[in-house]
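Encoded as structure tokens, the structure appears first; notes follow it.
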Amino acid sequence: MNNSDKSNAGAASGLPTPANKDTTSIVKASLKRRYAAEKRFKLYGILSICASIGFLVILMVSIFSKGWPAFIGTYMQLDITLDQDTLGVTPQSSYKELRAANYSKLINNALLERFPDVSKRKEKRALYKLVSSGAEYQLSAHVINDPSMIGQSIKMWVAADDEVSALIKYKANLDEPENITTRLSEKQIAWTKQMLDAGEIKTGLNKAFFTNGDSREPEQAGIRAALVGSAFTLLITFLLSFPVAVAAAIYLEEFAPQNRWTDLVEVNINNLAAVPSIVFGLLGLAVFINFFSLPRSAPIVGGIVLSLMTLPTIIIASRAALKAVPPSIREAARGLGASPQQVVWHHVLPLAMPGILTGTIIGLAQALGETAPLLMIGMVAFIVDVPSSITDAATVLPVQVFLWADSPERAFVEKTSAAIIVLLAFLILMNAVAVLLRKKFERRW
Amino acid sequence: MNESQQTAFEDIKETVGDVTVDNPKMCLKNIDVFYGDKQAIYDVSLDIANNEVIAMIGPSGCGKSTFLRCMNRMNDTIPSCRVSGEMMLDGEDLYGPSLDPVLLRARVGMVFQKPNPFAKSIYDNVAYGPRIHGLANNRAELDDIVVNSLQKAGLFSEVQDRLDAPGTSLSGGQQQRLCIARTIAVSPEVILMDEPCSALDPIATARIEELIDELRQNYAIAIVTHSMQQAARVSQRTAYFHLGKLVEVGATNTIFTNPTHELTENYITGRFG
Amino acid sequence: MSPATLLLLALLLGLATFAFGRYKALSIARSKGGNRYLHSLPGHYGMMVGLWCVLPALAILLAWQLFETPVTNSLLDSAVPQSISDKGEKAVELYKNDIRNIVSADQLDQVTDPDKKHAALRLNHLNSFSRIALLIVMLSAALIGAALAYRKIKASTEARTVVERILHVFLVSCASIAILTTIGIVFSVLFEAIRFFQQVSFLEFVSGTKWSPQTAIRTDQVGSSGSFGAVPLFVGTLLISAIAMLVAVPFGLLSAIYLAEYASPRARSIIKPLLEVLAGIPTVVYGFFAALTVAPLIRGLGESIGLSVSSESALAAGIVVGIMIIPFVSSLSDDVITAVPQAMRDGSYGLGATKSETVRKVVFPAALPGIVGGILLAASRAIGETMIVVMAAGLAANLTVNPLEAVTTVTVQIVTLLTGDQEFDSAKTLAAFALGLMLFVTTLMLNIIALHVVRRYREQYE
């Protein structure tokens, strides 16, 4: 009240006197409350940053803790007798015959030899299940590699079944089988323990994960096919999007006249950068597959769709890089009589290249992680074979993640997480390259 | 700077003229200011008196704005800036426990070089200070403060029918008077002005200068200006800064008609700056 | 010869003709007494010839690739037996598809049906004819182009102008691809959507509350076209997006404010990239995280306080979408907040405001338009997000706003309708395009408004 009284009094005399005492005391009284509010506000900021980074940490920890076992394979050592009669082949047999031979019988026999007291049919079948169904291919490859072994006895490490593998990797206490959640029977656990104690079970790098294609059997499923598919798709994306995006950026930044067409192009580019990716999938399905009859599920179509999606990102980054080249360089070149295009090709573009490449890598990293549009063009097929060309049916790493995440087997959770780890590793690598490039060539004019 | 000036600069051991006043509002003693490793102000002492305008002049980069910003601790907002020396407001240490920056700035207001109205209505711009400090108990009091401040800044008649219009919709001169109104709405004791007219046209400048003269009745005012004419028009005392040192202080009339120091004379007579 | 080989061949020819053109220009120059008597550099003459060689060849190759299948397909009609063509267009398509599979898998010798064998042989014949024709046409176009250009080389030929004009056309067409893409999107979703609306009324689609497209698979009897009321989808999409925004806006905005106003440059240089990592994680990873970690967690939490939570609750999907969007909100807001002029902050500090008062009452209102623009962009992301909801939200089209229940979204339905094997013309697949149209129009409008707001905001402080 005092305050305004004084002001009014002042107003009456033409110019008011300031109410200094009031201001000081009022402000003083409010300080404690205001500094508390200040602290609180700052705390909110810190908390939300911590929460955001906390989400990141939780996500990473959850994926890594689930995924690491997939990189570890569990192997059993068996004494396998490569019996000519059982196999039905001789060292001189042709490749075709060697491939067709019955290797699973050998493995089963080896298991029976290891546990001679197993005799009932049901028990035998349970015993055979300790070994992965992929073991016979392992053995077959081994024998085909060196047919002279036929007739001899060999010691060999073969892949164990994924349930056995889970017991070993998660270090279950095999002395208390009742406390273990597994689909294995007590007998099977006992056999496993016996082999483990005898040192006939070991763990090592799961090479099959990197060398196999997809499979219905978790322990055989690998990411090779998806990796190759991703590589093909990304190659197409790069070959299409990089030149087109750079050309578009050069035109818009260096040559485009200020008119409505240019405005329209710019608005379009900005909008395309924000269109949901799945819409690009619809475009790919309707235009490239249904109208132009390009093959479904093929990296070529995936690459085209992803490059349309990546274009705006690279264009925007390239334009920024071109804009950062100072006009003095253009003027200098033009002053020597270079044509506008020569100015760009000889001077501006080389200087802007590091920035353009950085943007391209970031765009490609985005494309590498993209899933939704590829689902639309049929890259969700179950692909066992590694694709050998850009028109073969293929899948890509993120789609493989999606497919495995949908699989009911528990062991696929591990595979999914592992595939995610590989995917993230590639993304981190690409981004690191981009950052290094930027750091190395960053120039302040 | 030619050679004679160089020697003259090295000669600035002590400020010419009396830096103190009888009844000081603010006392600044032996101020040094550093930006990182660079020293911007060298051992400057100066008193600010009540009901008086003191002008700080000097070539650009001489540290006059930096010095002004020490007086309400605005330099705190620049992370690399370090200030040392003795600073008092009514005998209270500026860095002491009884005066924290919030209270200090409420008592020592500031008007900036470029008009910087908030992205709010004219009313809200002026009401901002009273609101954050809780100076008004109700809407009527707040209205009073706003109207009074606008009147004091000589802006009320021009904006009274559009108090809801955004502050940025005003012309440059009006914006600067709005900023002055905003400053006096908090009822400060000292007003610091950092080249308040440098972004304005001559007519708007004249208007602000008149205003400064009126405000002198109630406030201690320190103004930094690059215009000697302006300093001569509005101030009673003038301080001449050169490369971070205070060269000469004195009554405005004396400084402009009969400067003592060679550098001051060179500057006043327009030989550099 | 495969297209890749042909492409390589065309490029090699281009290189060779480049060398010829350059050589001719050089010899002309020598006879005249030096390069400066030429209008352009010798390389320009070479490029002119090379481009005239490669471009026609590439155009022919591209056109061939795009139209070969449709053309051979229609030429195959004559080989389709009468018994099949009597059954209607769909049967013919299926039959031809079969033939094409036989040929592409090279299983001609395994075909027993004489009609099929005949058709397959015909297709094989067509294919090999097409391949040879392509080679001949392409090579002759390349050589004729190169020869014409080669003959034109004289000292006064403006080769550089020609080359630059061609390059300019290339640049313009690359820039126009953005427009072509938009047109492509509009037409592809619009045409199929119109076909859908011929079968299902638009009104039913936007106002119906029952969504069960599955029944549409059954035979093409009249009236068994399923229910295509998309309201539950729209509500589900909005529900999940709303939850996402409730997570992303406060966290993102407060993080941005802290980064822009409080954090030291060092802290900023560490925290900002960390937040950007969140944006770089593929959405399929978030989907897996949502389905495997967040959903069970929320279910467990809900049950521990006596709530029944669906295992595919909207809440779980929404929260994870929100986490994904935090970096968008924070980096867009950060840009906007740092664009607020320092002078405005100084003005507030000069009046004695504390930092938080300055931020809340001066900086934030000044930045609000830009922040709103950023939030709209983020909302458009949330609406269009696919993988997270596909993996963590349900398929059941419940019309509910209870975040603990399962809902489905527009994107989830597009994916489920279009993955799997069904005929392309069924109402079910067309419905996906109608949904796609809705999605495109909504996000487009949001984007246009948001980009406009942000641009106006930028201009204000520039």
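Computed from heavy atoms alone, side chains included, the values below leave out hydrogens, waters and symmetry copies. Throughout, protein chains are lettered first and strands after them, A, B, ... in sequence-line order, and every chain is numbered starting at 1.
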Exercise for the section: Take R34(A) and I132(B) through the test side chain to side chain contact (heavy atoms under 4.5 Å, CB included) and record every step on the way to the result. Expected result: CA-CA 9 Å; R34(A) 286 165 68 185; I132(B) 56 169; 4.1 Å; yes
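- Nearest heavy-atom pair across I26(A) and G134(B) is CG2-O, 3.4 Å.
- Environment of NZ in K120(B): crowded, with over 12 heavy atoms of neighbouring residues, nucleotides or ligands closer than 6.0 Å.
- Between T24(A) and E189(B), the closest side-chain pair of non-hydrogen atoms falls below 4.5 Å.
- For CZ of F255(A), the number of neighbouring non-hydrogen atoms (other residues, nucleotides, ligands) closer than 6.0 Å is greater than 12.
- The 12-atom threshold is exceeded at CG of D161(B), counting heavy atoms of other residues, nucleotides or ligands nearer than 6.0 Å.
- A distance of 4.5 Å separates CG of L31(A) from CG of D100(B), quoted to the nearest 0.5 Å.
- For the residue pair S30(A) and H133(B), the shortest heavy atom distance occurs at OG-O, 4.3 Å.
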